[in-house]
Amino acid sequence: MNTLVLIDGNSLMYRAYYATAYSGNLMKTSTGIFTNALYGFVNMMNKVMDEYNHTHMLVAFDAGKTTFRHEFLDSYKDGRKPMPDELRSQINLIKKYLDLLGVKRLELPTYEADDIIGTLATLGEQTDFEKIHIITGDKDLLQMADEKTTVHITRKGVTDIESFTPEAVFAKYELSPSQIVDLKGLMGDPSDNLPGIPGVGEKTAIKLLKQFGTVENLVTHTDELKGKMKEKVEANVEQALLCKRMATIHREVPLPVTFDDLFYQGPETAELMNFFKEMEFNAFLKKMKLEEVKEEKPKAPIRIILEAGELETLSYQNSAIHVEIFEENYHQANILGIAIVNETDAYYVPFEVAKESQAFMSFLADEGVKKSVFDVKRSRVALMWQGFDLRGVDFDLLLATYVINPTNVSNEFKKVALHYDYDDVLYDEEVYGKGAKRAVAPIEKVAQHSIDIATAVFKLKETAIEQLKEQEQLSLFEEMEMPLAEVLAVMEYNGMSLDLTTLDEMGQDLKGRIEALESQIFDHVGAPFNINSPKQLGEVLFEKLGLPVVKKTKTGYSTNADVLEKLSDAHPIIKLIMEYRTLTKLYSTYIEGLKKACYEDGKVHTIFNQALTQTGRLSSIEPNLQNIPIRLEEGRMIRRAFVPSQEGWVILGADYSQIELRILAHISNTESLIDAFKHGEDIHKKTAMDVFKVSEEEMTSDLRRSAKAINFGIIYGMSAFGLSENLNITQKEAKKYIDHYLETYSGIHQYMEDTVKYAKFNGYVSTLFNRRRYIPELTQKNYAIRQFGERTAMNAPIQGTAADIIKKAMIDVHQAMLEKNVKSRLLLQVHDELIFEVPQEELDMMIELVTKTMENVVELQVPLKADYSYGPTWYDAK
DNA sequence: AGGAAATGCAA
DNA sequence: TATTGCATTTCCT
């Protein structure tokens, strides 16, 4: 049985455009082609293709400006806003898409899309179509609803659809489909500039039609109306009849097509995929791939090594290898196997087999045999846990990609590969499933996937290196990120010891105090509620207790620390809640959280993500050891649980002093700041003296505090508003401070302007070591987004250079420690500080080695300064 | 089960 | 309406 689908292209195109045109931030390709309407249209078509079991399909478009309706009414569709250029430019893309999709489209001079659809639906009902579906955003087409024909109207968005059979039309309007035109005749349609009867809206029109049935019948019985209504109708009889005629769809349009032309034969798959690639529609591309995979012919058979003996003679220079690991967290993870790919060979070794082959494992551990991988740290740490090692890796595609452009990076190999236009590899999800269904796949599947990844690495290496050279980033890659991965692997594998007894004691204490606070809070309120729920807490504070609302969030009352602070005198409950928040935070995130993350060896093994931040910093997860409390004594105690792994050793911390301000002084060439740093002066005090024009004697702690806030703000590209919030002063005063600062340090002002200009011109900013951050926000229409781009442009080189410097310090320190063959270990990096565990007898030597190495990493116009401290726990290293 | 939002911890 | 992150809880789909 045949099913015909008729689509109102114009109407849906508009819908698709406006549904995704929010915030003036239209979706476009990296080359600037607007694609939001196309995107919405594709989405809608995907849904249609899945939904209606179509055999025949057509998309109708309006042709030109004038239609036969203009003969009856000159002003038809007058006053319509012209189509936005951003949409007009997408019409041909949508048409091209439909052609590639294999869907017939039609537009006819003097007729509108409605009329084409009306004619085809009418003809279709008379032939052997079992079902006809009309898809549109325009209610006019409701008049076509019929026993065989259902009209589907888009609601908000593009894929949310309301379906109308004749019964559904009646249920909603109390009218039959044929009366829709009468409805239009009476109430008019502002969007088509049809007046109808002024003063008659939907409600009145329906009432009239229930009584009289049609406009024609109404006009012959106006004597039955009374008062104002009678006057209104009689005065506009002609207009109502005309509007009805205008709204009536023409069902006898001469058509240049037959139903055979509308028979759907499927898409031009390859070309459509190319089109999606051009449009950068990766999600749709992925969907097509998934569908294609099912049909695609199998690849050449893969080679799986099943006997360790076969591995005796296999070892190659410059192979790409891939260590396939099932778990996301690679510590103590299950290694499934290892793929090896090179010019002459491609095979997969299940890990049980690899383990048995000494030759194979020495091949992996051989520094002299160079290898390429994706994510060397992941591979290496997983192997270390199994008692093996991975050395001689001189190319990591993950790190290379990160250096080339940090936004192109993902844990998902395929996403990274797609940035090189390489797509001959599956998503992990396709191999293992996702969510609860994720599971180890059959060996053939895993082997194929693993080999695909190694093959991609092998093929993409050259491209990536070329690009690194072009961007003058080869040394950042080879001499910074690659060696750092080795250092981090060892740090993660070694881990940091936790004193669980201390943690438990603190936990018990906290638990008691939390329960006590809880009952006090409930007593004040008179009933228990969930204090952790901002929603419930908001209701209690601002409705039940009637406290003044300080700030609102998107979804309700704000109850954050700033708000509570302001309310702290308004009600005794506030202080209790503040303390409750502090203690539950410590308990759940730091006591419970750390206990959960602790391994059987009594240590936490964090994972440093080396290819994530947009500035070049590291990040730390499972657990995050870069945000252990320090500011408040209460939280700082947590650090007592971080201890050396051996009795009698100490924790040594070394941190860069004011590294970001030093970098700012250096790159902005600000003489007075450079001098101050050279002479070891208190830099915030110096700033206060320069900016507020006070002498040493007139200096107050308040002035210094203000200067410190400004110094911080400058690094972040702050606004007057930001500073005023921070210092609790008026915006006017804040603006004065900033202006004064930039006047005093004109070099910094100059730098800020230059770096933004540079970013606008080149699309990116760079650090001292040539790390890049691209800033597409600067090209956006939206002012707030552009402002964000400017702040990013000012901040990224500073934060990024600091990140570069400490990375280099880590490599140098690690190297020096190897050369000295020390027992001490580097444990953590926290952005501007390094944490070590050190045996007592190495302490003096390590202090010297670490601070000097950190200070000599690079020569700037200002000296780098590293401070240090140590003690039996991390808490004491302060 | 998965994702968004609110909150708070660090440099 | 200040930069970069991650984890927790709640709440909704």
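Letters A, B, ... mirror the listed sequences (proteins, then strands); counts begin at 1. Note that these values count all heavy atoms, side chains included, but never hydrogens, waters or copies made by symmetry.
Taking the side chain to side chain donor-acceptor pair (under 3.5 Å) definition, one finds that A/Lys865 meets it with A/Asp867, sequence neighbours left out. Take A/Phe721 and apply the ring pair (Phe, Tyr, Trp, His ring centres under 6.0 Å) test, not counting sequence neighbours, and it matches no residue. Annotation: side chain to side chain donor-acceptor pair (under 3.5 Å) contacts of A/Thr801 (sequence neighbours excluded): none. For A/Lys808, the salt bridge (Lys or Arg N to Asp or Glu O under 4.0 Å) partners at least two apart in sequence or on another chain are A/Asp812. Among residues two or more places apart in sequence or in another chain, the salt bridge (Lys or Arg N to Asp or Glu O under 4.0 Å) test is passed with A/Glu539 by none. Residues satisfying the salt bridge (Lys or Arg N to Asp or Glu O under 4.0 Å) criterion with A/Asp690, sequence neighbours excluded, are A/Lys686. Residues passing the side chain to side chain donor-acceptor pair (under 3.5 Å) test with A/Thr730, sequence neighbours excluded: A/Glu733.
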Distance-only donor-acceptor hits, side chain of residues 706-716 of chain A, under 3.5 Å, sequence neighbours excluded:
from	atom 1	to	atom 2	distance (Å)
A/Ser706	OG	A/Asp702	O	3.1
A/Asn711	OD1	A/Tyr741	OH	3.0
A/Asn711	ND2	A/His684	ND1	3.1
A/Asn711	ND2	A/Thr687	OG1	3.0

Quick tally for nucleotides 6-13 of chain C: nucleotides whose base has a protein heavy atom under 4.0 Å get B, sugar-phosphate-only ones S, the rest -, giving SSSSSSS-

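We find that CD of A/Glu660 is positioned 9 Å from C1' of C/dT4, with the value rounded to whole Å. Taking atom CG of residue A/Asn711 and atom C1' of nucleotide C/dA2, one finds them 14 Å apart after rounding to whole Å. Counting to the nearest Å, the C1' atom of C/dT4 and the CZ atom of A/Phe712 are 13 Å from each other. Distance A/Ile775 CD1 to C/dT3 P: 12 Å, rounded to the nearest Å. As rounded to whole Å, 16 Å separates atom P of C/dT4 from atom CE of A/Met718.
For residues 605-635 of chain A, the ring-ring contact (aromatic ring centres under 6.0 Å, His included) pairs, not counting sequence neighbours, are A/His331-A/His605, A/Trp385-A/His605, A/Tyr599-A/His605.
Of all the residues in residues 554-567 of chain A, A/Lys554, A/Thr555, A/Ser558, A/Thr559, A/Asn560, A/Ala561 reach under 4.0 Å from DNA chain B with at least one non-hydrogen atom.
Bracketed by its first and final contacts, the part of DNA chain B lying under 4.0 Å from non-hydrogen atoms of chain A reaches from B/dG2 to B/dA11 in 5' to 3' order.
Because its NZ or CZ atom is not both nearer than 6.0 Å to the ring centre of A/Phe692 and within 45° of the ring axis, A/Arg704 does not count as a cation-pi partner of that residue.
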